[in-house]
Amino acid sequence: MATILFIMFMCGFIRSHVSLIDRSMDVEASVALRSRSDFRVSGRVLYKLDLSWPKNPEHFSGQVFGVAVNHVAGLVYVAQRGDNIPKVLVFSTDGDFLQAWNTSTLEMPHGIFLANASADPTVWITDVGSGPYGHTIKQYSPSGKLLQVLGSPGKAGSSLSPLQFDQPAEIFIHSSGEIYIVWVADRGNKRIQVFNSVTGDWLGSWGSCFKEDAPYSVRLTPDQKYMVVAQLNTNQVTLLEAPPVGIIGQCQVISTVQLAEDVKPHLVDLDLKTAALYVAEIGANQAQRFIPVTAAGV
């Protein structure tokens, strides 16, 4: 009798846990489904959702944290977190799934950036994991071969010799001297801070646009007319008017893309050729593409 009761208990226990897993999967699927149909734009309509990208969204298998675009090769790199899943997925800008990086050298990707697209492209990824490969910045070839590691793997710290990082978040690299200022999404202080890229001098900050939520990522549109900002907790992507060269001024919201609840946009990147906007969404476990409404839209 005791054996029968134990078996009945275990069957109920398993069923309840399977039910919880199913409900969790249903919630994630529901968020992803809503995010591909439920959004609205306030202010000037500059972008619209491209429902055709990607063609194979089923390849998203973890929390999508970052996205980087190679506008020359027409490639989109998507970084995701999770156990026993590829940490980087590669799509074409047309939406085709091309490749998954099954590298064991990435633990918990946070930021991703495509450097030197026109000549010798490489993919830089920040790793905030706490295991033997974490607290580092890694450089990869376009096919996923590890080229170099900055920092001391698995050892958080502030030392310069040896070089150490403590949960490095996002990286931005530029090789030309054309952009003379650095825009930093200072999310803990709910502001964007601006610095001279050569001297490091503080030039100003924008905070009045971020009363409700902090900026999590910031990018400049190819024509340098707008700053694109991801705001995770309010599920928004905001476009601010970029200031004239040499003037920081005050931030002004031009357009807001309000995404569905719990989508949680984390990082953004732009195709420098087409101005298409790619958004990494950790709540919906996917990346989405928004395209300019008109050729002169951005």
Side-chain angles (χ1 to χ4, degrees), residues 27-43 45-71 74-82 85-100 109-114 170 185 213 215-219 221-222 226-239 255-293 297-298:
V27 168
E28 291 179 358
S30 175
V31 171
L33 182 61
R34 291 201 315 273
S35 70
R36 297 192 66 81
S37 59
D38 181 13
F39 77 98
R40 65 182 187 274
V41 177
S42 59
V45 180
L46 299 176
Y47 279 92
K48 63 180 180 180
L49 179 63
D50 182 1
L51 289 171
S52 68
W53 195 97
K55 297 176 183 176
N56 306 105
E58 65 272 13
H59 286 286
F60 297 128
S61 51
Q63 284 190 314
V64 175
F65 262 72
V67 60
V69 184
N70 183 332
H71 66 285
L75 300 175
V76 181
Y77 296 86
V78 178
Q80 57 178 12
R81 294 181 183 178
I85 64 169
K87 295 302 190 291
V88 177
L89 306 175
V90 186
F91 297 86
S92 72
T93 51
D94 291 329
D96 296 307
F97 174 73
L98 302 178
Q99 182 188 13
H110 189 281
I112 183 170
F113 183 80
L114 191 288
E170 190 178 9
D213 192 19
Y216 275 69
S217 178
V218 59
R219 288 290 189 271
T221 56
Y226 305 102
M227 309 296 298
V228 182
V229 180
Q231 294 177 274
L232 182 142
N233 296 301
T234 52
N235 302 295
Q236 292 178 336
V237 176
T238 304
L239 283 88
S255 180
T256 300
V257 179
Q258 181 64 59
L259 302 173
E261 186 178 359
D262 295 328
V263 165
K264 298 191 179 302
H266 184 245
L267 297 182
V268 298
D269 202 12
L270 286 136
D271 186 323
L272 298 181
K273 182 179 180 180
T274 65
L277 168 64
Y278 293 83
V279 183
E281 302 169 351
I282 63 175
N285 294 341
Q286 66 182 8
Q288 293 199 102
R289 179 170 76 169
F290 293 79
I291 57 176
V293 171
V298 293

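Residues: numbered from 1 along the sequence shown.
- How far CD of Gln286 is from NE2 of His59: 14.5 Å, rounded to the nearest 0.5 Å.
- Here the side chain of Lys264 pairs no donor or acceptor atom with the backbone of Thr234 at under 3.5 angstrom.
- For the residue pair Ser61/Gln80, the side-chain donor-acceptor check at 3.5 Å is satisfied.
- In this structure, the side-chain contact (heavy atoms from CB on, under 4.5 Å) partners of Gln63, at least two apart in sequence or on a different chain, are Phe65, Arg81, Asn285.
- Considering every non-hydrogen atom in both Ala100 and Pro86, the closest pair reads CB-CB, 3.8 Å.
- For the side-chain contact (heavy atoms from CB on, under 4.5 Å) with Tyr278, the lone residue among Thr93, Val268, Val78 that qualifies is Thr93.
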(request) Output, in order, the C-alpha distance, side-chain angles, deciding distance and verdict of side chain to side chain donor-acceptor pair (under 3.5 Å) for Gln231 and Thr238. (result) CA-CA 8 Å; Gln231 294 177 274; Thr238 304; 2.7 Å; yes
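- At distances below 3.5 Å, at least one donor-acceptor pair connects side-chain atoms of Asp213 with backbone N or O atoms of Leu232.
- The side-chain heavy atoms of Phe290 and Val237, taken from C-beta on, include no pair separated by under 4.5 Å.
- How far CZ of Arg219 is from CG of Asp269: 5.0 Å, rounded to the nearest 0.5 Å.
- In the model, Asn233 has a side-chain atom that pairs as donor or acceptor with a side-chain atom of Tyr216 under 3.5 Å.
- Put simply, the residue from Leu270, Leu49, Asp271 that forms a side-chain contact (heavy atoms from CB on, under 4.5 Å) with Leu277 is Leu270.
- Under a 3.5 Å cut-off, the side chain of Thr221 and the backbone N or O of Tyr226 do form a donor-acceptor pair.
- Ring orientation note: the planes of Phe91 and Phe60 are tilted relative to one another, at an angle of 30° to 60°.
- Here the closest heavy-atom approach between residue Gly66 and residue Ile112 is recorded as C-CG2, 3.5 Å.
- Taking the side-chain contact (heavy atoms from CB on, under 4.5 Å) definition, one finds that Ile291 meets it with Lys48, Asp50, Ala276, Arg289, sequence neighbours left out.
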(request) Before giving the answer on side-chain contact (heavy atoms from CB on, under 4.5 Å), spell out for Val76 and Val67 the whole-Å C-alpha distance, their side-chain angles and the decisive distance to 0.1 Å. (result) CA-CA 7 Å; Val76 181; Val67 60; 3.5 Å; yes
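- For the pair Pro109/Val88, no side-chain contact is recorded, criterion being any heavy-atom separation below 4.5 Å from C-beta on.
- Remark: Ser92 pairs with Asp94, Asp96, Leu98 by the side-chain contact (heavy atoms from CB on, under 4.5 Å) rule, at least two apart or across chains.
- Put simply, OH on Tyr77 and CG on Leu114 are 6.0 Å apart, with the number rounded to the nearest 0.5 Å.
- Of all the heavy atoms in Val257 and Val41, the pair that sits closest is CG2-CG2, 4.3 Å.
- Considering every non-hydrogen atom in both Ile85 and Gly62, the closest pair reads CD1-CA, 3.6 Å.
- Residues His266 and Ser217 approach most closely at O-CB, 3.6 Å, considering heavy atoms.
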